[in-house]
Each structure stands twice: as C-alpha cells, then as structure tokens.
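Numbers here are sequence positions counted from 1.
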Amino acid sequence: MDPVQAARTRLGGVIFSRVAGPEGAGRRERIHGAEGPRRFGPDDPLWRVHADAAMFVGGIRALLLQSLHPLAMAAVDQHSGFRGDPWGRLQRTSTFLAETTFGTIQDADRAVAVVRAVHQHVRGTAPDGRPYAASDPELLRWVHVAEVDSFLRAHDRYGSGRLTTKERDLYVEQAAVTGEALGATDVPRSVRELDETLAAYRPDLASTPAARAATRFLLVHPPVPLTLRGPYGALAAAAVGLLPRWARWPLRVPWLPVAESTVVRATGIVVTSTIRWAMTPPESATDPGSGPRFEAERAST
C-alpha cells in the first residue's frame with residue numbers, strides 16, 4: 001500500500017472508530033447488508049445529506065441549538081449522561097441515524113420503537129420548576145427541527161454537492177417521516193415551513209446554566225484527544241458560524257462575521273473535505289455516482 005493510501009486508511013479508521021465505536025463494523029454490515037425494502041436510496045436527498053462529511057458540522061450545531069430550549073436541555077442534562085459518556089451517546093445517535101436513513105424499513109421501525117420506549121422513562125422537573133417528558137410532541141418537534149435545520153445548513157455550506165431548491169424541500173419532507181414516527185406533531189415538510197417552525201419556537205428559548213455549560217463542554221473542553229483538538233476545533237468553529245445571530249448571546253459565543261466568512265469557512269471546508277476523502281474508498285473516486293453511497297457505508301454505523 002502506498003503511503004498516501006496508508007494514511008487515508010489510518011485516518012478513516014480513527015474517524016470511524018470514534019463515531020461508530022468498537023462494534024461499528026458489525027452494525028454497519030447489519031444495516032447496509034440486510035435484505036428488504038428501504039424507504040430511501042442513494043439518490044434521495046436524505047441519504048445524500050446524512051452520508052456526507054458535513055454532518056460532523058451539522059451535528060455540533062444541532063446540539064448547540066437544541067440546548068436553548070430549557071425543557072429539552074433539562075432532559076439531556078438530567079438523563080443522557082453526555083458528559084460522562086459523550087462518545088457512547090454519539091455512537092448511539094449515529095447508529096439511529098444510519099438505521100433510519102440507510103436501513104430496511106423493518107430495521108428503521110425497530111430503531112424508532114426502541115427510542116420511543118426509552119423516551120417514556122425520561123421525565124422530570126426542570127430547574128425553573130416546569131415538568132418535562134421526552135415523549136412530549138412539542139419537545140420532540142423542537143429536537144427534530146433543530147436537527148433538520150442544522151444538517152441542511154451544514155450541507156449547504158460544507159456538503160460535497162449543493163441541493164437544488166426542490167431537493168432541499170424534499171429533504172425536509174423525507175426527514176419528517178422519522179420525526180413523526182418518534183411522536184412529533186405538526187412536523188414541517190418544506191424549507192419554508194421549517195423556517196416558520198423555528199421562528200415560532202423562539203419565545204420558548206432561553207439561556208440557562210445547563211445550556212451554557214453544555215456549550216463550554218462542546219467548544220472549550222471537548223472530549224477529544226489532544227491530537228484531534230485542531231480538526232475538532234475547526235468543525236466546532238464551523239458549527240458556531242452557522243448559528244443564527246439570535247442564538248449567539250444566550251450561549252455566550254461570539255459573532256465574528258469577517259472571520260467566519262473567511263478563515264472559519266476555509267478551515268471548515270478543508271476539514272470536512274479531508275474527512276470525506278478519508279471515509280471514501282479510493283475505488284469509488286472514479287465513479288461519480290457511488291461517492292455518497294460508499295461514504296455512507298464507511299461513515300455510518
């Protein structure tokens with residue numbers, strides 16, 4: 001193996017092990033190798049977005065944005081254990097996304113049923129005294145729209161190929177399938193409806209100690225080795241650069257328009273392109289139609 005390919009394989013292995021965990025290879029084979037009908041295929045916007053390296057940026061942005069809902073943040077803070085086992089939570093989330101995007105209908109429905117069962121036991125009282133339940137359709141819709149908006153915006157800026165206007169609407173519509181299956185109601189089905197839904201939630205959003213602590217954990221004290229702090233910092237900066245201005249002050253993150261449009265964007269492109277290169281087998285490079293499929297099979301669990 002030539003040195004470049006050896007470096008590519010090593011880097012791809014490091015990324016995959018972090019995202020997928022020690023059992024990632026087996027789960028990948030189960031998800032992609034299972035026989036049966038699937039809701040989505042490689043040509044669908046949902047598959048293309050979720051298979052792309054831009055998801056690393058979108059995932060961080062989604063966590064930051066989601067933390068602004070006090071009840072959703074209380075549920076995460078009190079039940080998820082994301083500080084004690086952040087990689088485990090990432091691996092479980094990536095597995096769920098892989099199953100509901102790339103898996104068979106049967107496996108996708110099973111994954112949704114498992115999450116719904118877990119949500120039934122996630123309930124409590126937020127620091128402001130309000131009760132919450134993870135099965136609340138309003139909270140589920142907030143988590144859903146924050147994710148969909150983040151994944152789509154990250155793909156718009158850092159994805160391997162920009163979606164058309166029609167494809168962006170179709171992505172939102174396809175993502176609604178899982179959101180509704182999880183129990184969310186009035187789920188948006190177009191980009192316009194997505195924007196309207198996010199705007200409608202703004203009166204419910206607030207800066208809380210838990211949200212600010214989660215932001216510091218993700219941006220200042222991330223659970224990554226020193227050797228990966230640089231690339232992770234570039235991904236995190238790219239995620240912050242995609243946050244709306246109204247979300248910056250509540251999370252205590254700066255708005256630096258000049259730096260974000262130049263240095264941050266450039267480094268974000270370099271890191272996501274490097275991840276995409278490492279996670280895509282070289283034999284697919286000559287097949288323009290196979291890139292997203294191969295990347296999904298390598299990057300998803």
Legend entry - Enclosure of Gln106 CD (heavy-atom neighbours >12, cutoff 6.0 Å): no
Legend entry - Over 12 non-hydrogen atoms of neighbours within 6.0 angstrom of CH2 in Trp249: no
Check whether any side-chain heavy atom of [X] sits under 4.5 Å from a side-chain heavy atom of [Y], and report yes or no.
X	Y	result
Phe102	His32	yes
Val148	Tyr171	yes
Leu182	Val143	no
Tyr158	Leu242	yes
His155	Pro45	no
Ser67	Val76	no
Arg48	Leu163	yes

Inset, instruction - Apply side chain to side chain contact (heavy atoms under 4.5 Å, CB included) to the pair Leu68 and Asp204, showing each step before the final yes or no. - result: CA-CA 9 Å; Leu68 285 172; Asp204 299 326; over 6 Å; no
Inset, instruction - Keeping to residues at least two apart or across chains, list the side chain to side chain donor-acceptor pair (under 3.5 Å) pairs with something in residues 251-269. - result: Arg248-Glu260
In terms of side-chain geometry, is the basic nitrogen of [X] or [Y] positioned less than 4.0 Å from the acidic oxygen of its partner?
X	Y	answer
Asp44	Arg39	no
Glu173	Lys166	no
Asp107	Arg110	yes

Inset, instruction - Step by step, work out the side chain to side chain contact (heavy atoms under 4.5 Å, CB included) result for Gln174 and Glu167. - result: CA-CA 10 Å; Gln174 290 177 338; Glu167 287 172 334; over 6 Å; no
Minimum heavy-atom distance between [X] and [Y], given as atom pair plus value:
X	Y	answer
Leu65	Ala247	CD1-CB, 4.4 Å
Leu243	Val253	CD1-CG2, 4.3 Å
Met55	Leu97	CE-CD1, 3.9 Å
Arg189	Val172	C-CG1, 3.8 Å

Legend entry - Residues Thr185, Arg141; criterion side-chain hydrogen bond (donor to acceptor under 3.5 Å, both in side chains); working and verdict: CA-CA 7 Å; Thr185 56; Arg141 181 172 57 180; 5.1 Å; no
Inset, instruction - May I have the step-by-step check of side-chain hydrogen bond (donor to acceptor under 3.5 Å, both in side chains) for Tyr132 and His69, ending in yes or no? - result: CA-CA 11 Å; Tyr132 66 80; His69 196 299; over 6 Å; no
Legend entry - Parallel, tilted or perpendicular: ring planes of Trp142 versus Tyr201, cut at 30 and 60 degrees: tilted
Legend entry - Donor-acceptor under 3.5 Å (Arg123 side chain, Ser135 main chain): no
